[in-house]
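Read through the structure below, which is laid out as structure tokens, and then see the notes.
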Amino acid sequence: MAKSELRGRKRRKQLAGSDEIISLTNVSKAYATGAPALNGVDLHIQKGEFVFIVGDSGSGKSTMIKLLLRELVPTSGEINVMGYDLVHIRHRKIPKFRRNLGIVFQDFRLLKDRNVYENVAFAQRIVQVPNKEIKRNVPSILATVGLAGKYKAKPRQLSGGEQQRVAIARALVNRPSILLADEPTGNLDPKNSWEIMKLLEQINENGTTVLVVTHNREIVNAMQKRVVTMKKGVIVSDEEKGVYIDED
């Protein structure tokens, strides 16, 4: 048995019964054709952790994110996020569950016809936050991400790094317990990539659990966070203060 697998088992044992916010137990996901996207995955994350999920294309990272968002249901296994049983959750409760999740994508996914303020406010309007609170919350979160002076700008008037900051503000404005960032620096230059990662680190230091799916080897190696490495649907390494490793 590989040392990384032994360490992973030891970690799971240590976390058993602890303050977990994400728990995947023996999770598999098979599609109609091809090999399983996930195969017997165990992953346990505590409140307040910052975790990188890394691996080559096809390793199962995207499937894992979709399972955590409850866009997919596993073929087998158990998934618990923030106390919600995502295998058996009733459909009508899924929107309430997702209110406690923030999600940031590689391609920003901003509303191009609305300004920065309205892009962020949109996330609050969906969950019917009163206008009085929106007027207080949106400027506050824009200041947090360094965009207090850009609230009237349209996305096309912003740099890539600024657009990603708007996306992060939108993800955070409802004060989620967990922030999922799927390749958040994939469309950014190195300078903006580091600024976004520093922002995510700051968000984590304020108590939000952060999961980052990334291919950015330099950032992973420099930040010295927990690194979970996936290959062909399984976790092959789970290291505290880990690095981006290639699995042959």
Side-chain angles (χ1 to χ4, degrees), residues 21-22 45-52 65 68-69 81-82 97-112 114-214 216 219-220 222-226:
I21 194 167
I22 295 173
I45 296 172
Q46 291 179 294
K47 289 181 180 179
E49 280 200 274
F50 188 119
V51 183
F52 283 115
I65 291 294
L68 294 176
L69 288 170
V81 179
M82 299 177 296
F97 157 71
R98 288 178 179 159
R99 289 175 193 173
N100 293 306
L101 286 174
I103 179 71
V104 178
F105 299 98
Q106 176 178 343
D107 55 357
F108 318 138
R109 302 193 186 183
L110 300 179
L111 301 169
K112 296 180 180 179
R114 304 190 190 189
N115 63 26
V116 167
Y117 180 97
E118 284 301 324
N119 264 278
V120 178
F122 182 74
Q124 297 244 280
R125 300 191 201 286
I126 287 177
V127 297
Q128 300 180 333
V129 173
N131 283 331
K132 184 177 180 180
E133 291 185 33
I134 292 175
K135 290 178 180 179
R136 180 174 64 248
N137 294 340
V138 174
S140 176
I141 198 66
L142 286 176
T144 297
V145 301
L147 290 177
K150 298 278 188 176
Y151 68 98
K152 290 184 179 180
K154 295 285 184 67
R156 66 177 180 274
Q157 298 171 305
L158 303 176
S159 68
E162 288 171 334
Q163 290 185 61
Q164 192 61 290
R165 287 174 181 268
V166 177
I168 291 171
R170 182 181 58 192
L172 291 175
V173 71
N174 291 329
R175 299 180 181 178
S177 299
I178 300 170
L179 179 66
L180 302 176
D182 191 359
E183 298 286 359
T185 64
N187 286 334
L188 304 179
D189 60 38
K191 180 178 182 294
N192 278 307
S193 294
W194 277 112
E195 289 179 354
I196 290 300
M197 294 313 302
K198 288 176 183 177
L199 177 57
L200 294 180
E201 189 172 40
Q202 175 189 338
I203 291 163
N204 174 247
E205 289 171 354
N206 290 332
T208 303
T209 304
V210 176
L211 270 72
V212 180
V213 172
T214 185
N216 195 314
I219 283 175
V220 171
M223 290 187 70
Q224 293 288 288
K225 304 294 186 181
R226 179 181 172 191

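We count residues from 1, following the sequence as given. As the structure is a prediction and not an experimental result, all values here were calculated from the model.
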Restricting to non-hydrogen atoms, name the atom on [X] and the atom on [Y] that form the minimum distance, rounded to 0.1 Å.
| X | Y | answer |
| --- | --- | --- |
| Ala143 | Ala148 | CA-CB, 4.1 Å |
| Gly102 | Pro176 | N-CB, 3.4 Å |
| Ile45 | Glu49 | CA-OE1, 3.4 Å |
| Gly161 | Ile196 | O-CD1, 3.8 Å |

Q.
Assess the residue pair Glu162 and Val166 against the criterion (side-chain contact (heavy atoms from CB on, under 4.5 Å)); give the C-alpha distance rounded to whole Å, side-chain angles, the decisive distance to 0.1 Å, and a yes or no.
A. CA-CA 6 Å; Glu162 288 171 334; Val166 177; 5.7 Å; no

Got [X] and [Y] here, is their nearest side-chain heavy-atom distance under 4.5 Å?
| X | Y | result |
| --- | --- | --- |
| Met223 | Trp194 | yes |
| Leu200 | Ile168 | yes |
| Ile22 | Val51 | no |
| Asn216 | Met197 | no |
| Leu101 | Met82 | yes |
| Val120 | Ile141 | yes |

Heavy-atom donor-acceptor pair, [X] side chain to [Y] backbone, under 3.5 Å:
| X | Y | answer |
| --- | --- | --- |
| Glu133 | Pro130 | no |
| Thr208 | Asn204 | no |
| Asn174 | Ala123 | yes |
| Asp182 | Val213 | no |

In Å and rounded to the nearest 0.5 Å, what is the [atom1] to [atom2] distance from [X] to [Y]?
| X | Y | atom1 | atom2 | value |
| --- | --- | --- | --- | --- |
| Phe108 | Arg165 | CZ | CZ | 12.0 Å |
| Ile21 | Ile178 | CD1 | CD1 | 4.0 Å |
| Phe50 | Thr209 | CZ | OG1 | 11.5 Å |
| Asn115 | Gln157 | CG | CD | 9.5 Å |
| Glu195 | Lys198 | CD | NZ | 7.0 Å |
| Thr185 | Gln164 | OG1 | CD | 8.5 Å |

Q) Do Arg125 and Glu118 meet the salt-bridge criterion of a basic N to acidic O distance under 4.0 Å? A) yes

Sorted by chain and residue number, the salt bridge (Lys or Arg N to Asp or Glu O under 4.0 Å) partners of Arg175 (sequence neighbours excluded) come out as none

Exercise for the section: Would you sort out whether Val138 and Tyr151 count as a side-chain contact (heavy atoms from CB on, under 4.5 Å), showing the intermediate values? Expected result: CA-CA 9 Å; Val138 174; Tyr151 68 98; over 6 Å; no

Item checked: Working for side-chain contact (heavy atoms from CB on, under 4.5 Å), residues Leu68 and Leu211 -> CA-CA 11 Å; Leu68 294 176; Leu211 270 72; 3.9 Å; yes

Contacts satisfying side-chain hydrogen bond (donor to acceptor under 3.5 Å, both in side chains) that involve residues 136-147 (not counting sequence neighbours) are Gln124-Asn137

Please determine whether the number of non-hydrogen atoms from other residues, nucleotides or ligands lying under 6.0 Å from atom OH of Tyr117 exceeds 12. yes

Other residues, nucleotides and ligands only: do more than 12 of their heavy atoms fall within 6.0 Å of NZ on Lys154?
yes

For Pro155, the side chain to side chain contact (heavy atoms under 4.5 Å, CB included) test, sequence neighbours excluded, returns Leu110, Asn119, Gln163

Leu147/Leu158 under side-chain contact (heavy atoms from CB on, under 4.5 Å): CA gap, chis, key distance, verdict: CA-CA 10 Å; Leu147 290 177; Leu158 303 176; 5.5 Å; no

